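Small disclaimer: the values here were computed from a predicted structure and weren't measured. Naming: A, B, ... by sequence-line order, numbering from 1 per chain. Side chains are part of it too, since the values below use all heavy atoms of this structure and drop only hydrogens, waters and symmetry mates.
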Amino acid sequence: MFIFKRVLVVSGILVPKSTALPLRHFSAPSCLRSPKRNSPYSSVDSERYSSLVKSVMSTRVSSQTPETLSAEDEHMYGPVIKAQTPPRTEVRTPKTLHPFLNCEDAGEPEDAESGPPVRIGINRGQGRSSVPSVTRILQQTLSQEQIFYLERWKRRMIAELGEEGFREYSQNLFRQGKRFHSALEEILTSDPSGKDKSVSETAEYPPDIQGYMESVSHILRDVTAVRAIESTVKHETLNYLGVVDCVARYRGVLCVIDWKTSEKAKPFLSNTYDNPIQVAAYAGALNNDGNYKYQVESGLIVVAYKDGSPAHAHQLSPELMLDYWKTWLLRLEEFTEQRSIQASGASSENR
DNA sequence: GGATCCTTCTTCTTCTTC
């Protein structure tokens, strides 16, 4: 096992790619946001210990060097296997920085928030069959690191539950997620103004989602002016589509909202993996879809818990949305490249 | 009515010491 891990580390599979963006969100307690501030070293009299620090730093304590360590590793574990594709450590930028907002649609009609929420169904019957979805693009462009950890998790779960048990477990997670979404849809459609969210706290729900609904009830109190529910958005220039869970105001800010259920606590935005990219992709599509006459600059990821403990709400500022929009454009470029490679491979096979 | 699509979820080193 140890040898295996060494090889992976050296080959770069475990080296994080630059998909993780800086942690900047509204819900992190300040004490957790800046752990360095509370470092025990901050109280150390640095002048008093400066000579000691200098002497330690200037003296080679060990006779080992990177070269001797490499030689030792090779002796113990065999020659180092290097990855064919080295990890990308540089900060990547999209080849074309498509705008997140559509300036032509910036004007917002006064009565935009008065009607019921829209729900545009998916329509693939009119030549849309080749338009890829946000979910598919994200799934097909996962990093090697993400694939590694997901497969490891799956292997461990199957070892614990068996193939059939794992299938049931996965189906159950999906079922709960779907029912949770349906219940929210019902609440928000029946009360889009947001005046009476108490319905969510008193109503009875199926036992498997009761906790999730309790978990999210304090968030729903801050959701108003629901404009869209489970509605299809399509980027007219970039040619991708998706289905937004909800477009509404959260604490007065118009957001694309994504509801999530989770077994593990996700108190930080960084715990939500690709969810912020998904939200930015939806918002960018909505902003460039003629069916929607307004622009959305912010996003919200709500993570609900089965035991009813308060859901975490990660609000993405316009600045952060732009960062994730760039990450999305990179993923989209990667997907398009993959597709063209596959297409050229298929055409050469047909010859 | 059946088939297909979009979603629904899942990941983050590991051990020792205090």
Side-chain angles (χ1 to χ4, degrees), chain A residues 1-10 12-21 23 40 87 119-161 165-185 206 208-209 212 216 228-235 240-246 256-279 281-282 285 301-306:
Chain A
M1 185 58 189
F2 186 58
I3 297 169
F4 171 64
K5 278 165 61 183
R6 296 281 298 217
V7 172
L8 285 181
V9 170
V10 170
I13 294 172
L14 286 174
V15 176
K17 271 173 68 174
S18 56
T19 51
L21 283 159
L23 187 65
R119 182 185 171 132
I120 300 171
I122 198 157
N123 184 1
R124 285 182 170 274
Q126 296 170 351
R128 283 187 165 189
S129 57
S130 65
V131 181
S133 71
V134 171
T135 306
R136 197 169 125 208
I137 293 163
L138 288 176
Q139 272 180 348
Q140 292 195 11
T141 56
L142 287 170
S143 67
Q144 288 300 306
E145 187 200 14
Q146 283 176 301
I147 293 168
F148 170 78
Y149 284 118
L150 282 167
E151 285 187 349
R152 187 183 66 164
W153 169 80
K154 191 177 167 184
R155 276 198 311 273
R156 287 176 174 180
M157 291 299 283
I158 289 173
E160 194 181 321
L161 304 172
F166 177 68
R167 200 176 300 119
E168 273 177 34
Y169 166 79
S170 302
Q171 281 174 353
N172 194 39
L173 284 184
F174 285 158
R175 194 163 46 236
Q176 281 178 15
K178 284 177 181 174
R179 294 174 88 162
F180 174 61
H181 276 76
S182 300
L184 284 169
E185 190 183 331
D208 60 339
I209 61 161
Y212 290 120
V216 87
I229 296 274
E230 297 289 334
S231 198
T232 304
V233 291
K234 187 188 173 221
H235 198 295
Y240 70 88
L241 59 75
V243 178
V244 284
D245 283 351
C246 181
V256 162
I257 304 177
D258 210 42
W259 312 106
K260 301 285 178 194
T261 58
S262 178
E263 296 200 314
K264 275 189 187 174
K266 292 178 178 170
F268 303 110
L269 185 61
S270 58
N271 299 134
T272 64
Y273 301 97
D274 286 347
N275 293 169
I277 307 173
Q278 184 188 14
V279 166
Y282 288 153
I301 298 159
V302 180
V303 187
Y305 304 111
K306 192 169 190 174

So what does [X] hit on the nucleic acid, given a heavy-atom distance under 4.0 Å: a base, only sugar-phosphate, or nothing?
{"X": "A:Tyr240", "result": "nothing"}
{"X": "A:Lys260", "result": "sugar-phosphate"}
{"X": "A:Glu263", "result": "sugar-phosphate"}
{"X": "A:Asn172", "result": "nothing"}

Using only side-chain N and O atoms of [X], determine if any of them is under 4.0 Å from OP1 or OP2 of [N].
{"X": "A:Ser262", "N": "B:dT10", "answer": "yes"}
{"X": "A:Tyr212", "N": "B:dC9", "answer": "no"}
{"X": "A:Ser133", "N": "B:dT7", "answer": "yes"}
{"X": "A:Ser170", "N": "B:dC9", "answer": "no"}

Euclidean distance, atom [atom1] of residue [X] to atom [atom2] of [N] [Å, nearest integer]:
{"X": "A:Tyr169", "N": "B:dC9", "atom1": "OH", "atom2": "C1'", "value": "8 Å"}
{"X": "A:Ile257", "N": "B:dT8", "atom1": "CD1", "atom2": "P", "value": "14 Å"}
{"X": "A:Leu142", "N": "B:dT11", "atom1": "CG", "atom2": "C1'", "value": "10 Å"}
{"X": "A:Leu138", "N": "B:dT11", "atom1": "CG", "atom2": "P", "value": "17 Å"}
{"X": "A:Leu161", "N": "B:dT10", "atom1": "CG", "atom2": "C1'", "value": "12 Å"}
{"X": "A:Lys306", "N": "B:dC9", "atom1": "NZ", "atom2": "C1'", "value": "13 Å"}
{"X": "A:Lys178", "N": "B:dT7", "atom1": "NZ", "atom2": "C1'", "value": "7 Å"}
{"X": "A:Phe180", "N": "B:dC9", "atom1": "CZ", "atom2": "C1'", "value": "13 Å"}

Measure from the side-chain N and O atoms of A:Ser231 to the backbone N and O of A:Ile120, and report whether any donor-acceptor pair falls under 3.5 Å. yes
Closer than 3.5 angstrom, by distance alone: can the side chain of A:Tyr212 be matched with the main-chain N or O of A:His181 as a donor-acceptor pair? no
A:Trp153 CH2 to A:Phe148 CZ distance, which is reported to the nearest 0.5 Å: 15.0 Å
Would you compute the distance between atom NZ of A:Lys260 and atom NZ of A:Lys266 and round it to the nearest 0.5 angstrom? 8.5 Å
[X] side chain, from C-beta outward: closest of [options]:
{"X": "A:Phe174", "options": "B:dT8, B:dT10, B:dT7", "result": "B:dT8"}
{"X": "A:Trp153", "options": "B:dT10, B:dT13, B:dT8", "result": "B:dT10"}
{"X": "A:Val243", "options": "B:dT7, B:dT8, B:dT10", "result": "B:dT7"}
{"X": "A:Arg156", "options": "B:dT14, B:dC9, B:dT11", "result": "B:dT14"}

Pairwise 5' ranking along DNA chain B for A:Arg152 and A:Gln278, keeping only the more 5' one: A:Gln278
Does A:Trp259 reach the side chain of A:Ile301, with side-chain heavy atoms less than 4.5 Å apart? no
Taking atom types as modelled, find out whether A:Gln278 and A:Tyr282 have a side-chain donor-acceptor pair closer than 3.5 angstrom. yes
